[in-house]
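Within every chain, numbering begins at 1; the chains are lettered A, B, ... in the order of the sequence lines, protein sequences first and strands thereafter.
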Amino acid sequence: MKEAITRLLEQTLASMAENGQLPADLTPKVQVDRTRDPSHGDLASNVALTLAKAAGKPPRDLAGAICAALPANQIVERTEIAGPGFINFFLTQDSGQAVVKRVLEQGEAFGRSDAGAGRKVQVEFVSANPTGPLHVGHGRGAAVGDSLCRLLTATGWDAASEFYYNDAGAQIDNLARSVQARCQGLDPDSPEWPADGYRGEYIVDVAKAYLGGETIDAEDRHVTGAGDADNLEAIRDFAVAYLRREQDLDLKAFGVHFDCYFLESALYADGAVEAAVERLVANGHTYEKDGALWLRTTDFGDDKDRVMRKSDGAYTYFVPDVAYHLNKWERGFGRVIDEQGADHHSTVTRVRAGLQALQAGIPEGWPDYVLHQMVTVMRGGEEVKISKRAGSYVTMRDLIEQAGRDATRFFLVARSPSSQLTFDIDLAVSQSNDNPVYYIQYAHARICSILRKLEESGEGFDQDAALQQLDKLQEEHEKAVLRQLDRYPEVVANAAVNAEPHQVANYLRDLAGDFHPWYNAHRTLVEDTALRDARLALSLAVRQVIANGLDLLGVSAPESM
RNA sequence: GGGGGUAUAGCUCAGUUGGAUAGAGCAACGGCCUUCUAAGCCGUGGGUCGAGGGUUCGAAUCCUUCUACCCCCGCCA
């Protein structure tokens, strides 16, 4: 609807320019906004304000001229000039009610678009090292990243989700040594405990399983514990498989699916890391110093150069990162979004610098990043410090088990990624009824309940007939719901473009907030068949949009609660 | 010291990309269930949008200077 008005205004301005009512060289940016106050109509534009100076007319006069020049159409009932020169559009009843038909006809497709035109995009998220259970921060990444994939798919992108799985490098060695120490009966306070070892209790579980000869069935690997505390290699393989399986279980419980798990070790195995290094050296962006190989990232906007190959011969993590991203580029992902915690912010410049230094034709700002700010966990009114290496933890599994999948997901996705998030466990668990997700799901369940009631009553519902009766929707509550439904496609488009799933969450809250008052004020199953049909049609539309929106967040839409 | 983020009601947070009188939930207070589900609805109170300056018809939103908090600044990831 907003677009229709925008086009109408553009036409009008173009014809005014032809008539000489406006300067011909004007390239007006037509902006149309929804009004906050219904007394200002349905939509409003500020064109008269922005063009006043160029047109050499007072804004209100110009607004009047524009209104007078507006071509005849089916959607605008009348216009008003308000305030300093806003043009307020009051839409015809038909145009406002037509959204019900669109929703019911398009069903699950309502709100989707082809803006992405089938282009490939990859979203990488979570990418936790297999050195411990997933914690709340990973949960936020999972919720945001997964929703982002759904949003991109819904807006016409060919979206693929990916988990970069770091199964090589120093932290894995560290993990193996920690498990070995536990196998040997050491605890983190003993003097022989490895430096920087993982101190968490879960390491004990891994060690017990290894010593007990347990078999681990992870998604991509099956390992049986050798039971030999001296075999560090066997311990490493077992520990990685063990923790990988734990992460699989958590992600599955969270309803998050990955199209691809990418193994860091594969980059070493197929020579991609070496090849990247050679290319960087050949391009002249490296130098040796203090026994290490450095990349001159300062040539590409970094504040200091970075070590690629340590003096012990091993590569720093960012070298495989660069090789990995080159691989993504070569796989044809013209767009890549890396969803990470803000504590990894420093890798952004570094990876981009490395990619530029490869001189592989990769655009400068590639890839995109969505960095979510840190999650603070509160329990018993106190902050719970999360430290993987120290072993203090609030795991994703705890949250899902205690607060439920839907509430946890909603909670983690409902805020702007750039905003720090306080996850109050007591609130999520003990007062879960206060969680807005139930408010939204309840609206869906209520509508389902009405339909069950309708069925019990033996009355029928003819959708085609109902769509002819939409003019019966005259209550203010109903108009509010109609206006809200009309917004949905814009919200989805906006959320996808800005990579902000929380906009969908906010919208659903608003929609439910328009539905519940209507439900309370007016019965749907009334005697008057025409009115009943009209209200049922509107209710079905609300149910559809709630289901569509919740799906974008990975949250279920229950039929009863 | 440098880089990034944030600052909006008692608390947790929105704010449609610069629009009209700044919103929601929770918390507080007062009402509403023999009616399609009360996880709901109706009403009341609550604000120097961190502070100063600037840009313009118009600023919570943009620029600038401060202040406070979070994250990063490793030959860890």
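- At a threshold of 4.0 angstrom between heavy atoms, the contacts of A:A521 with the nucleic acid are absent.
- Proximity of A:Y519 to the phosphate of B:C33: no side-chain N or O atom is located under 4.0 Å from OP1 or OP2.
- For B:U8, the O4'-C1' to base torsion is more than 90° from 0; the nucleotide is therefore anti.
- Taking the P atoms as reference points, B:A39 lies 15 Å from B:C33, given to the whole Å.
- Looking at A:R446 and A:H516, their side chains do bring a donor and an acceptor atom within 3.5 Å of each other.
- Distance from the side chain of A:Q373 is smallest for B:G5 among the nucleotides B:C41, B:C13, B:G5.
- By the side-chain hydrogen bond (donor to acceptor under 3.5 Å, both in side chains) test, A:D37 pairs with A:S39, sequence neighbours left out.
- Side-chain contact check for A:Q484 and A:D510: no donor-acceptor pair (N or O, by modelled atom type) lies under 3.5 Å.
- The phosphate of B:C57 has OP1 or OP2 within less than 4.0 Å of a side-chain N or O from A:K53.
- Side-chain nitrogen and oxygen atoms of A:K453 include none within less than 4.0 Å of the OP1 or OP2 phosphate oxygen of B:U35.
- Regarding contacts with the backbone of B:G74, a side-chain N or O of A:K304 is found under 4.0 angstrom from either OP1 or OP2.
- A donor-acceptor pair shorter than 3.5 Å cannot be found between the side chains of A:W518 and A:E475.
- One side chain, A:E274 or A:Y315, offers a donor N or O that lies under 3.5 Å from an acceptor on the other.
- Applying the 90° cutoff around 0 to the glycosidic angle, B:C69 is assigned anti.
- Among the nucleotides B:U35, B:G40, B:U12, the one closest to the side chain of A:R415 is B:U12.
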Which pairs, protein N/O on one side and nucleotides 15-19 of chain B N/O on the other, fall under 3.5 Å?
| unit_1 | atom_1 | unit_2 | atom_2 | d |
| --- | --- | --- | --- | --- |
| B:G15 | OP1 | A:H502 | NE2 | 3.2 |
| B:U17 | OP2 | A:D33 | OD1 | 3.4 |
| B:U17 | O4 | A:N498 | OD1 | 2.2 |
| B:U17 | O4 | A:N498 | ND2 | 2.0 |
| B:G19 | N7 | A:N46 | ND2 | 2.9 |

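- Stacking here means ring centres nearer than 5.5 Å and ring planes tilted less than 30 degrees, and by that measure A:Y438 stacks onto B:A39.
- Nearest-nucleotide assignment on RNA chain B puts the 5′-proximal partner with A:A512, out of A:D343 and A:A512.
- Figure legend: cation-pi geometry between A:R244 and A:Y261, with NZ or CZ positioned under 6.0 Å from the six-membered ring centre and within 45° of its axis.
- For B:G3, the base is not stacked against the aromatic ring of A:H345, per a cut-off of 5.5 Å between centres and 30° between planes.
- Within 4.0 Å of A:N88, counting heavy atoms only, lies at least one base atom of the nucleic acid.
- Pairing partner, B:C32: B:G40, with both Watson-Crick or wobble hydrogen-bond distances short of 3.5 Å.
- Checking the phosphate oxygens (OP1, OP2) of B:U12, no side-chain nitrogen or oxygen of A:T422 falls inside 4.0 Å.
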